[in-house]
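Everything quoted here is computed from the prediction, not taken from an experiment. Atoms considered below: every heavy atom in the structure, side chains included; atoms not considered: hydrogens, waters and symmetry mates. The first residue in the sequence is number 1, and the count goes up from there.
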Amino acid sequence: MAKTAVSRAAFTVVLLSMLVTAPYTVNATVTCGQVVTLLTPCIPFGVFGGDVPPDCCAGIKGLHDIQNTAEDRRTACSCIQQGAAMIPGLDYDRVNTLGDRCGSPCPYTVYPSTNCSE
C-alpha cells in the first residue's frame, strides 16, 4: 500500500516537471501539455500492468484525434518519449500495446531509441 502511494507521488512529480520543462513546438497544434494530460491515466498500466484504465483509452483516442499533421505526430512522439524516460519502471513493450488494446491506431512505437523526427 505504501509503495503504491510513493509510486503515485513520484508520477505526480514527474508529470509536473514534464509540464514545466517540456519544449513546445511552434508549428504543431499538439502541445506536450496536451499529451501529458491525455496520457497520464496510462502510467499505472505502463508500470504495473493489469487492466487498461478506461481513462487511458479515452486519452489514447483523444491523442489520435488531435494529431492532424506529421508535425503533430512528431511532437506527440517526442513528448511521449521524453516523459516516458522520466518514469521509473516503465515497460515500453507494454506501453506500445496500448493502441491495439484501446482500439485506436498509433502511428509510431516509442522506445528510448525511437527517432521521432521521421
Side-chain angles (χ1 to χ4, degrees):
M1 187 73 173
K3 183 178 179 182
T4 302
V6 170
S7 295
R8 289 178 196 236
F11 292 141
T12 302
V13 169
V14 167
L15 292 173
L16 289 175
S17 66
M18 282 175 55
L19 288 172
V20 172
T21 63
Y24 291 87
T25 303
V26 175
N27 296 333
T29 57
V30 173
T31 67
C32 283
Q34 289 172 305
V35 172
V36 169
T37 299
L38 291 167
L39 299 184
T40 296
C42 302
I43 294 172
F45 173 78
V47 175
F48 302 111
D51 294 330
V52 178
D55 288 348
C56 172
C57 286
I60 296 283
K61 289 176 183 165
L63 182 60
H64 179 265
D65 291 345
I66 64 171
Q67 295 179 76
N68 298 316
T69 67
E71 188 63 30
D72 288 339
R73 289 185 290 280
R74 283 190 286 271
T75 299
C77 176
S78 293
C79 294
I80 293 167
Q81 189 177 46
Q82 291 169 8
M86 295 191 300
I87 300 172
L90 186 71
D91 183 329
Y92 285 89
D93 291 328
R94 187 180 304 134
V95 167
N96 285 312
T97 67
L98 284 170
D100 290 336
R101 289 175 181 257
C102 293
S104 185
C106 186
Y108 43 78
T109 55
V110 178
Y111 290 97
S113 61
T114 299
N115 182 354
C116 291
S117 66
E118 294 180 348

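- Minimum heavy-atom separation, Cys56 to Pro41: N-CB, 3.6 Å.
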Derivation of the side-chain contact (heavy atoms from CB on, under 4.5 Å) call for Phe48 and Asp91:
CA-CA 8 Å; Phe48 302 111; Asp91 183 329; over 6 Å; no
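- What you find for Val52 and Cys57 is that their closest heavy atoms are CG1-SG, 3.6 Å.
- Rounded to the nearest 0.5 angstrom, Cys77 SG and Asn115 CG are separated by 8.0 Å.
- Once rounded to the nearest 0.5 Å, the distance linking OG1 of Thr75 with CD of Gln34 reads 10.0 Å.
- Between Asp55 atom CG and Ile60 atom CD1 the span is 12.0 Å, to the nearest 0.5 Å.
- Taking every heavy atom of both residues into account, Ala76 and Val30 meet most closely at CB-CG1, 4.4 Å.
- Among all heavy-atom pairs drawn from Pro112 and Gln81, the shortest one is O-NE2, 3.2 Å.
- Once rounded to the nearest 0.5 Å, the distance linking CZ of Arg94 with SG of Cys42 reads 12.5 Å.
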Side-chain donor-acceptor distances from residues 101-110 under 3.5 Å, at least two apart:
residue	atom	partner	partner atom	Å
Arg101	NE	Thr97	OG1	3.0
Tyr108	OH	Gln67	OE1	3.3

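- Across every non-hydrogen atom of Pro53 and Phe45, the tightest pair is CD-CB, 4.2 Å.
- When all heavy atoms are compared, the tightest approach of Asn68 to Asp72 is N-OD2, 3.0 Å.
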Is there a side-chain contact (heavy atoms from CB on, under 4.5 Å) between Leu63 and Ile66? Walk through the geometry before answering.
CA-CA 5 Å; Leu63 182 60; Ile66 64 171; 4.2 Å; yes
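- Rounding to the nearest 0.5 Å gives a distance of 4.0 Å between CD1 of Ile87 and CD1 of Ile43.
- Atom CG of Asp51 has 12 or fewer heavy atoms from other residues, nucleotides or ligands within 6.0 Å.
- The side chain to side chain contact (heavy atoms under 4.5 Å, CB included) search around Ala58 returns none, not counting sequence neighbours.
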Stepwise side-chain contact (heavy atoms from CB on, under 4.5 Å) check, Leu90 with Val95:
CA-CA 8 Å; Leu90 186 71; Val95 167; 3.5 Å; yes
